[in-house]
Structures are given as C-alpha cells and as structure tokens.
There are 2 protein chains.
Amino acid sequence: MATGRTHRPATRSRGIPEATVARLPLYLRALTALSERSVPTVSSEELAAAAGVNSAKLRKDFSYLGSYGTRGVGYDVEYLVYQISRELGLTQDWPVVIVGIGNLGAALANYGGFASRGFRIAALIDADPAMAGKPVAGIPVQHTDDLEKIIKGNGVSIGVIATPAGAAQQVCDRLVGAGVTSILNFAPTVLSVPDGVDVRKVDLSIELQILAFHEQRKAGEEALPDGLPASAAAARESTDKGPDGDVPAVMPA
Amino acid sequence: MATGRTHRPATRSRGIPEATVARLPLYLRALTALSERSVPTVSSEELAAAAGVNSAKLRKDFSYLGSYGTRGVGYDVEYLVYQISRELGLTQDWPVVIVGIGNLGAALANYGGFASRGFRIAALIDADPAMAGKPVAGIPVQHTDDLEKIIKGNGVSIGVIATPAGAAQQVCDRLVGAGVTSILNFAPTVLSVPDGVDVRKVDLSIELQILAFHEQRKAGEEALPDGLPASAAAARESTDKGPDGDVPAVMPA
DNA sequence: CCATCTTTGTGCACGCGTTCACAAAGACAT
DNA sequence: ATGTCTTTGTGAACGCGTGCACAAAGATGG
C-alpha cells in the first residue's frame, strides 16, 4: 500500500469500516469491467477473484452497504456498480486542482483515470511564472498567486500536491485556508493539517524501501540451509544487545 | 494509504511487524533531515512529531529492531540512521527497471527520490519502437524485446510497472519469468503473481475515490442540524432493505 | 555515593479487521 | 407444493496493531 491515512485515526464513517472503504474502488473497477462485457450477474467468489481478495471479505464488505445480492444467484452487476458509485460519492463530479506541474504533475494531468470516474481537473497551478499560460493536457497552467481565487471560484474541495517537498506544507496551508478539505500528497513530507481535513499520501520512495526490505529478507533466507531461518534469528537474539548480526556495533555517542 | 500488499498476508518477517516496516522509511526520512542539520540526538517525542506518529508507537517500533537509545537522553541520530538503513536493506544498492515510459514512467525516471536512497535505475523499457534509444532522464530507453536480457544481465530483482492497464499482467509475467521478485505496480489492475513475489500497488484513482467518500460524508453531515447525524442513519436503517436513502431503488434484475 | 529527573522499553488491555463455518434464503426442477 | 442445490449474509473466534501507563535505566548535579 503506497498510502496511509494521516488524519482521522479510526473513525468508522457512517458505520462503514475504513478498510472496506479502501476496497470499494477495487470492487467498482472489477464490476465496471464486467459491465462492459455485459455480464449480468456475478457471484462473490468470481468477483472476489477479479478484485484479488477473499470472497468472505467481499461479502462482509458488501454487507455494510446493505443487503444487495440474491442468494443462489449472486450480485446484479449494474445495480452494484450504481450502489458503490453512490456510496463513494462518484455520482457527482469533483473538481480537483493539481499544484506543482513538474514531471509528476504533468503526468497526473494527463492521467486518464481522473476524468473517467467523477473527477474533473478544475485547474493546474504552478509557482513558476514561465509555466503560466502554457497548456498541459489541454489545460492552461495558472500561477500560484491566484490559488485562493481558483479554489473558491470553482468550489474545489480536493487538492493534489505534486510540488517539491520544500513547498508542500506551504501549499497545503494555502489550500486548506482557501477551503480545500481533502488532500492527496505526492511530496515526500509529513503534512500537518487542522482537524476535519483528510490527507492521503503517495510516496514512491517509501514503497520501494518496503520492497527492498522484503527483498533483502528473501535473499537472506535463500542463503540459509533451508526451512529453518529460525536458527539464525535465535542466535542473534541470544546476544543481549539486540540483533546486530555481523555488523560492528560501534555506538557513536 | 495508496498501497496494499497483495501477497504474503500477515507474515511477520523476522519478527518485525509489517506495520512497523511500513513506518521505518518515514523515520529514516525524518532522521536524515536531522542528520543534515547535525543534530546529535533526538527523543522519541521529537522524532515522533517529525514523522507524524505517536511517540509510544515509535518506541515500540524501535524496540523490534533492538535496544538502541539511551534512557534519559534519547536516540543517537547517526547510529539510528545506520541501523534503519541496514534493516531496510539500503546499505546495498538495488538496480531497478521501469517498464512503460509514458508520462508517468518518465516522471518516475526523473524522480530524484530513487537515486538518493540505494536505488539505481538500471534500465528504462518501453514497447514502442519509436522510443528505443531516446534518452529519458539521461538514460536511453530500451525495447521490450530485450526485457529478459536486461533483467538477467543486471541482476535486477525489483521492477516498476508504469504501462497501461492492458499490458500490465503480461509485463508482470515476463518480469517474474526473468527473475524479478518485487514489483511496484502503477497500472490500475490486479496483478497475479506466483508465491514468493511481492507486489505493491499505487493507484491514484483509488486514492481519489477514498477522499471523495470522506468528502461526501463531510458534506452530508454539514447539511444536517448538527451533532446528530445518527438520526438520518437511523431513519435509513429502519427500512429493511438497507440504506438507500432518497434514491429510487430500482433493482434491475 | 546518593537523590532526582528525564526518557526509554514494554506489559497490558482494547478495538479493528480477517477468516471460518454455517444457517437462512431464494432459484429451479419435478 | 416440495425438495434440492447454490450462494448469500453473518455470528463468533482469533490475531494484529495501537496506545496507555509505568517500571527500569541511565544521566546529571550536589
């Protein structure tokens, strides 16, 4: 998972668990694909396979939404697409601004996934005066000076931050000040926001580091006899200063 | 959180909880910033604030690594940077290939966060023959035909997929076939991989949909009298066919 | 050497999320 | 109408993650 909720630690929104909310888009995507192939109904088993989750989990997730689905048959695809869309708030469209039109910002602007599902790019904003007026993905870039005017004028409540880390908090503050209450942050920084504002972060570097951890672990186990990586771990734990392995434990203090 | 582990449901790797592993990069970033300011030691309280987490959680996380830290003083910054780097496997460098050099792939290639922390872009790969040889971020793009050769020749074990959704599974299969065991997937698809291969996914569209859900909920609560959103929920739940609200419940079957 | 003060490391309890396993519900055939 | 068969919806148990609260450890000053 490339993201982590920052705010709102464990608030079950209207009785729907956060973990379930995070999976709804996954189901929606699978259902949309089925819909395009004109498949009328689908069982929890099939849909779960398509979404890459356990079928029991999927049924429980749906049970939070209501009792859609027919026993012995499955779920009506079109009906479920509609219900999930409504639950996620995708029946209305959400104007979104992207701040920071560098490589990543431009990539996001060109990303088709936005428009396809209820999201509309209301504006692209950058601090570089040279960018102003230049069209990216068919939309002219506007200058940061007009940020507040743009947000308020378009009733934007969702902002995407794709600036360098150093500018992120400042941009965030201005967005929030202008009325934005949901932020998707691509800058590698911890943003601090007032209560009531949701922040989700996407961090490429963190994802890679997590993969590296598991990769290293795989490589380590491979080198061992096989089947009992516990021996090495036990040997390490027998020392009383924690798992240092073969590393010189020079504590520079 | 923009990502979710697909494989390896809850395997505590070498005793370190997955949730802790996911936070280590966060701590590392904060520590690196302190290190650059030549701060010698830091307390769990300060570091936790910088990383945006609870200080008790941070201390517990570190306790899984060992008993670094000095009571009454705090943690030695340099030492901790080294220990976490080692734990994450960042003391070696990891060659990475990026497949799919469109807007997003190019943005990733240009992203500084890669090189700065143990990751080296070994190759850029694209299926478009017109891209072949063209330099992106100073690295010439190579054609998909040579994918296996590139992977094996460079000992690559981490692959990044930035292709359109339709090509992702096929690319994934070829990467895995050539020896890649960790994949970071930006394509909006569920990848299926054999056991032993880790997949993490980053999906912009999903993140936005989760934000939209919370945004909708905020807007809904705002419209209510104040303080008792339970009334509306109760009214809905009083019907026996689940929460449909004011929506025409046409069940197309 | 002793007292005090700061900060770590962790035992414990609690809540969320996952999974199993099964009863209830409906479709369908006879 | 009745029985059979499929698939949903959910009660219950379990495990992981979080946060509180405190005892242990060490630094520091007298």
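Numbers restart at 1 for each chain; the letters A, B, ... are given by sequence-line order, proteins then strands.
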All ring-ring contact (aromatic ring centres under 6.0 Å, His included) counterparts of Tyr75(A), not counting sequence neighbours: Phe62(A)
Value in whole Å for how far the C1' atom of dC20(C) lies from CG of Leu58(A): 16 Å
Centroid-centroid distance, Tyr79(B) to Tyr82(B), less than 6.0 Å: no
Given that Lys57(B) and Ala56(A) both sit by DNA chain D, which one's nearest nucleotide is further toward the 5' end? Ala56(A)
What is the distance, rounded to the nearest whole Å, between atom CG of Leu47(B) and atom P of dG9(C)? 12 Å
Distance alone, cut at 3.5 Å: any donor-acceptor contact between the side chains of Thr32(B) and Glu36(B)? no
Length of the CZ-C1' vector between Arg23(B) and dG17(D), whole Å: 8 Å
Identify all pairs in which a protein N or O lies below 3.5 Å from an N or O of nucleotides 5-9 of chain D, and state each distance.
unit_1: dT7(D); atom_1: O4'; unit_2: Gly72(A); atom_2: N; d: 3.0
unit_1: dT8(D); atom_1: OP1; unit_2: Ser44(A); atom_2: N; d: 2.5
unit_1: dT8(D); atom_1: OP2; unit_2: Ser44(A); atom_2: OG; d: 2.6
unit_1: dT8(D); atom_1: O2; unit_2: Arg71(A); atom_2: NH1; d: 2.8
unit_1: dG9(D); atom_1: OP1; unit_2: Ser67(A); atom_2: OG; d: 3.4
unit_1: dG9(D); atom_1: OP1; unit_2: Tyr68(A); atom_2: O; d: 2.2
unit_1: dG9(D); atom_1: OP2; unit_2: Tyr68(A); atom_2: O; d: 3.3
unit_1: dG9(D); atom_1: OP2; unit_2: Tyr75(A); atom_2: OH; d: 2.6
unit_1: dG9(D); atom_1: O4'; unit_2: Arg71(A); atom_2: NH2; d: 3.0
unit_1: dG9(D); atom_1: N7; unit_2: Arg59(A); atom_2: NE; d: 2.9
unit_1: dG9(D); atom_1: O6; unit_2: Arg59(A); atom_2: NH2; d: 3.2

I need the CG-P distance between Asp76(A) and dG26(C), as an integer number of Å. 16 Å
Can you tell me which nucleotide in dG17(C), dG17(D), dG19(D) comes closest to the side chain of Lys60(B)? dG19(D)
How close or far is atom P of dG17(C) from atom CD1 of Ile16(A), stated in whole angstroms? 12 Å
Looking at every heavy atom in both Leu26(B) and Lys201(A), which two are closest together, and how far apart are they? CD1-CE, 4.1 Å
Without decimals, in angstroms, what is the distance between Glu18(B) CD and dG17(C) P? 17 Å
Mind checking what makes side chain to side chain donor-acceptor pair (under 3.5 Å) contact with Gln170(A), not counting sequence neighbours? none
Minimum side-chain heavy-atom gap Lys218(B)-Thr181(A) below 4.5 Å: yes
Just how far, in rounded Å, is P of dG9(C) from CG of Leu65(B)? 10 Å
